[in-house]
Amino acid sequence: MADISGPAVPETQTGKATDAGATGRGSAAPRGLMDLRGRHEDVPAVLSYPPGAVVVVSGLPGSGKSTLLRRWSQAAADGTPPAGPGRTPATPSAVDPRAVHVACEAVMPARLPYAVYRPWARLEHFRWLRTEVRGGGPLLVHDCGSRAWMRRWLARTAGRQGRELHLVLLDVGAQEALAGQAARGRWASRRVFARHRRGLDRLLHALSEGSGPRPVTPGPQPVGSVPVPEAVAEAASVVLLDRTSREHVTRLTFGP
């Protein structure tokens with residue numbers, strides 16, 4: 001197992017690595033539907049994914065997607081040794097549309113509203129995403145979660161290389177997301193927020209129908225007992241996080 005944010009950890013008899021660090025909450029290898037909403041201290045600190053996995057982080061604008069991408073990417077940069085010859089890099093790339101927004105804004109006249117060049121920014125974002133997903137390495141993708149076609153395209157593109165798509169879905173509620181927008185000082189328009197909320201509500205409803213009470217204990221997790229619902233059949237796993245459990249997942253690993 002290549003740990004992207006710290007030293008190697010011992011293998012257990014189940015073949016899954018456990019985190020022996022200060023958190024003591026262990027690790028989990030998501031497979032199927034993994035609902036961590038409403039949990040606190042028993043949330044795994046580490047999520048372990050296969051090599052080259054594409055992990056899509058979805059949620060409402062302001063729910064903390066960019067914060068998670070920065071946290072996990074920084075953990076990777078701080079703790080991953082360089083990949084050797086012939087090895088897939090364990091440090092994931094991260095594709096966040098905000099980075100494209102800022103880059104486009106930097107070369108445009110200050111008086112020009114973003115709405116004028118938004119189509120160009122979106123085109124640049126998709127070009128970047130296409131390049132990264134075809135690159136073959138582990139990848140983190142910031143996405144609103146309401147676009148099923150995007151997940152399916154990512155799954156098909158990754159699948160041609162023998163890689164899997166995984167989904168992390170932030171269910172923090174509209175009020176928390178709006179508070180997150182206020183904290184960052186950037187707001188989605190009412191129309192855009194409402195559209196994302198409707199799409200995400202439909203997805204959460206479909207996922208909740210396939211979810212139920214499920215114990216989570218430290219160390220290796222018996223994941224995969226709940227299959228992924230048909231609504232997200234393109235994903236090998238779906239992890240549901242709320243405001244509390246979101247803060248407990250501190251890092252990811254990518255490896256066998």
Anything under 3.5 Å between a donor and an acceptor, one on a side chain of residues 182-203, the other on a protein residue two or more places apart or in another chain? List them.
unit_1	atom_1	unit_2	atom_2	d
Arg184	NE	Arg186	O	3.0
Ser189	OG	Val192	N	3.1
His196	ND1	Ser146	OG	3.4

How long is the span from the [atom1] atom in [X] to the [atom2] atom in [Y], to the nearest 0.5 Å?
X	Y	atom1	atom2	value
Phe254	Leu139	CZ	CG	8.5 Å
Asp96	His101	CG	NE2	11.5 Å
Asp143	Leu167	CG	CG	8.5 Å
Arg31	Ser237	CZ	OG	6.5 Å
Asp171	Leu241	CG	CG	9.5 Å
Cys104	His125	SG	NE2	11.5 Å

A side-chain contact here means heavy atoms from C-beta on lying under 4.5 Å apart; do [X] and [Y] qualify?
X	Y	answer
Leu33	Leu207	yes
Leu169	Val239	no
Val249	Val43	yes
Arg147	Arg151	no
Pro138	Arg163	no
Leu165	Val56	yes

If I compare all heavy atoms of [X] with all of [Y], which pair ends up nearest, and what's the gap?
X	Y	value
Leu69	Ala94	CD2-CB, 4.2 Å
Leu140	Trp72	CD1-CB, 4.1 Å
Ser48	Ser27	OG-CB, 4.1 Å
Lys65	Gly59	NZ-O, 3.0 Å
Ala158	Val54	CB-CG2, 3.9 Å
Pro44	Met34	CG-CE, 4.0 Å

Taking [Y] as the starting point, is it possible to reach [X] by hopping between hydrophobic residues whose side chains are less than 4.5 Å apart?
X	Y	result
Val100	Tyr117	no
Trp120	Leu112	yes
Val226	Leu204	yes
Val107	Leu123	no

Scan for salt bridge (Lys or Arg N to Asp or Glu O under 4.0 Å) pairs involving residues 152-162, sequence neighbours excluded, and state none if there are none.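 Passing the test, one end in residues 152-162: Arg152-Glu234.
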Do the side chains of [X] and [Y] get close enough for a salt bridge, i.e. N-O under 4.0 angstrom?
X	Y	result
Asp35	Arg37	yes
Arg127	Glu132	no
Asp242	Arg246	no

Got more than 12 heavy atoms from elsewhere within 6.0 Å of CZ, Arg243? no
Carefully, step by step, assess His142 and Ser66 under the rule side chain to side chain contact (heavy atoms under 4.5 Å, CB included). CA-CA 7 Å; His142 177 298; Ser66 292; 3.3 Å; yes
Working note: Val141 + Val57, criterion side chain to side chain contact (heavy atoms under 4.5 Å, CB included); need CA distance, chi angles, decisive distance, verdict. CA-CA 6 Å; Val141 179; Val57 181; over 6 Å; no
So Phe126 and Trp149, would you call those rings parallel, tilted or perpendicular, with 30° and 60° as cut-offs? tilted
